[in-house]
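These values consider heavy atoms only, across backbone and side chains, with no hydrogens, waters or symmetry-generated copies. Quick caveat, the model's predicted, so the values are computed rather than measured.
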Amino acid sequence: MSRSKTAAERLLAEHGQTYAEEAGIRLRNTPAPLYQLLTLCVLFSVRIKADIAVAAARELFAAGLRTPRKMAGADWQDRVDALVRAHYRRYDESTATALGEGARLAQDRYRGDLRRLREDAGGDPARIRELLREFPRIGPVGADIFSREAQGVWPELRPAFDSRAREAAAGLGLPKTPAGLARLVADDDLPRLAAALVRADLTG
């Protein structure tokens, strides 16, 4: 086994939990978990610690806000309160607004099912990211996080390693390109490796 593959296996063992898993999302190619991942990406799209963003997602989901219909139908204050419980401060009110507007967009344009966004993109990863960026608060970073986490269920996104993951890989002496990193693990482990690189960078 090559030194790089050994290092990748160690990363998976030590840091290989995806952020979706940490937030309690059982990611599958079905409407509710895909929307929950989008919600998590909205929460990550401001300057805030990763553990607080994950905690905020868990609070929202615990409050029953797991689908676009539930999120859009919730009172704005209920969304704010869930974010405050997770100590998601400074951005709580603006994020509560963004989540409500994004949920209505998901309902109106995709009937609550982000698989329709995938269909509209025609299997083009760049177009998927472009359509994701039409949701409030989702910019390039949020779209990259979605791609990084969703590549396990949307294979056309593979290999998705954003700049942060690639920079971490370079610092660890691993390949610097998505294709090079993808050769180190099985396809099913790509989301875990991408997350592990980011986590290793945060703890390094």
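- By the side-chain hydrogen bond (donor to acceptor under 3.5 Å, both in side chains) test, T177 pairs with no residue at all, sequence neighbours left out.
- Inter-residue side-chain proximity for I138 and C41 is flagged as met; some heavy-atom pair is nearer than 4.5 Å.
- We find the CZ-CG distance between R79 and D92 to be 12.0 Å, quoted to the nearest 0.5 Å.
- In this structure, the side chains of L190 and F161 come closer than 4.5 Å at one or more pairs of heavy atoms.
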| query | Where do L60 and L99 land on the side chain to side chain contact (heavy atoms under 4.5 Å, CB included) test, with the steps shown first? | reply | CA-CA 10 Å; L60 288 164; L99 287 168; 3.8 Å; yes
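- L157 and V185 are members of different hydrophobic clusters when ILVMFWY side chains are connected at heavy-atom separations under 4.5 Å.
- Between E101 and R137 there is no salt bridge, since no side-chain N of the basic residue sits under 4.0 Å from a carboxylate O of the acidic one.
- Between the side chain of R148 and the backbone N or O of A195 there is no donor-acceptor pair closer than 3.5 Å.
- Under the 3.5 Å distance criterion, the side-chain polar atoms of E59 are left unmatched by any main-chain donor or acceptor of A86.
- Scanning for side-chain hydrogen bond (donor to acceptor under 3.5 Å, both in side chains) contacts around E93 gives an empty result, with sequence neighbours left out.
- Here E149 contributes atom CD and T18 contributes atom OG1; the two are 4.5 Å apart, rounded to the nearest 0.5 Å.
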task = Evaluate the side chain to side chain contact (heavy atoms under 4.5 Å, CB included) criterion for residues L65 and D78: first the C-alpha distance (whole Å), next the side-chain angles of each, then the deciding distance (0.1 Å), finally the verdict.
result = CA-CA 10 Å; L65 309 183; D78 289 340; 5.5 Å; no
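- Side chains of P175 and L184 form a contact here, defined as non-hydrogen atoms less than 4.5 Å apart.
- With hydrogens and angles ignored, the 3.5 Å screen pairs no side-chain donor or acceptor of D75 with any backbone N or O of Q77.
- No cation-pi contact links R133 to F146, judged by a cut-off of 6.0 Å to the six-membered ring centre and 45° from its axis.
- The nearest pair of heavy atoms linking A63 to R85 is CB-NH2, 4.2 Å.
- No donor-acceptor distance shorter than 3.5 angstrom exists from the side chain of Y88 to the backbone of T95, with no hydrogens or angles considered.
- Criterion: ILVMFWY side-chain heavy atoms under 4.5 Å apart, direct or through other members. Under it, L197 and F44 are not part of a common hydrophobic cluster.
- I52 is connected to V141 through a chain of hydrophobic side-chain contacts under 4.5 Å among Ile, Leu, Val, Met, Phe, Trp and Tyr, so both are in one cluster.
- The backbone N or O of I25 lies less than 3.5 Å from no partner atom in the side chain of Q36, so there is not a single donor-acceptor pair.
- Residues A56 and L83 share a closest heavy-atom pair of CB-CD2, 3.8 Å.
- Nearest heavy atom pair, residue P136 against residue L105, reads CD-CD2, 4.5 Å.
- Contact of the P191 side chain with the Q151 side chain is registered, since non-hydrogen atoms from C-beta on lie closer than 4.5 Å.
- In this structure, CZ in R118 is found 14.0 Å from OH in Y110, a value given to the nearest 0.5 Å.
- In this structure, L11 CG and T6 OG1 are separated by 11.0 Å, a value rounded to the nearest 0.5 Å.
- Side chain of R199 to main chain of G16: no donor-acceptor pair is present (N/O by atom type, distance under 3.5 Å, no hydrogens or angles).
- Proximity of F135 to L38: side-chain heavy atoms (C-beta onward) are separated by under 4.5 Å at one or more points.
- The distance from atom CZ of R109 to atom CZ of R116, rounded to the nearest 0.5 Å, is 14.0 Å.
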Worked check of salt bridge (charged side-chain N to carboxylate O under 4.0 Å, His left out) between K49 and D51: CA-CA 6 Å; K49 290 182 178 179; D51 59 342; over 6 Å; no
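- Listed here is the closest heavy atom pair of A50 and L202: CB-CD1, 4.4 Å.
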Practice prompt. Mind running side-chain hydrogen bond (donor to acceptor under 3.5 Å, both in side chains) on S4 and R183 for me, showing each step along the way?
Written response: CA-CA 10 Å; S4 291; R183 286 193 287 269; over 6 Å; no
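- With respect to E167 and R164, no salt bridge is recorded, no charged nitrogen being found less than 4.0 Å from a carboxylate O.
- Here the closest heavy-atom approach between residue W154 and residue L114 is recorded as CH2-O, 3.5 Å.
- Using a 4.5 Å cut-off on side-chain heavy atoms (C-beta onward), R10 and E14 make contact.
- Heavy-atom contacts from other residues, nucleotides or ligands closer than 6.0 Å to CZ of R69 number 12 or fewer.
- Scanning both residues, K176 and A170, for their nearest heavy atoms gives CG-CB, 3.8 Å.
- Note on V84: it does not cluster hydrophobically with V54, by side-chain heavy-atom contacts below 4.5 Å among ILVMFWY residues.
- Note on V80: it does not cluster hydrophobically with F61, by side-chain heavy-atom contacts below 4.5 Å among ILVMFWY residues.
- Distance check: R90 CZ to R47 CZ gives 10.0 Å after rounding to the nearest 0.5 Å.
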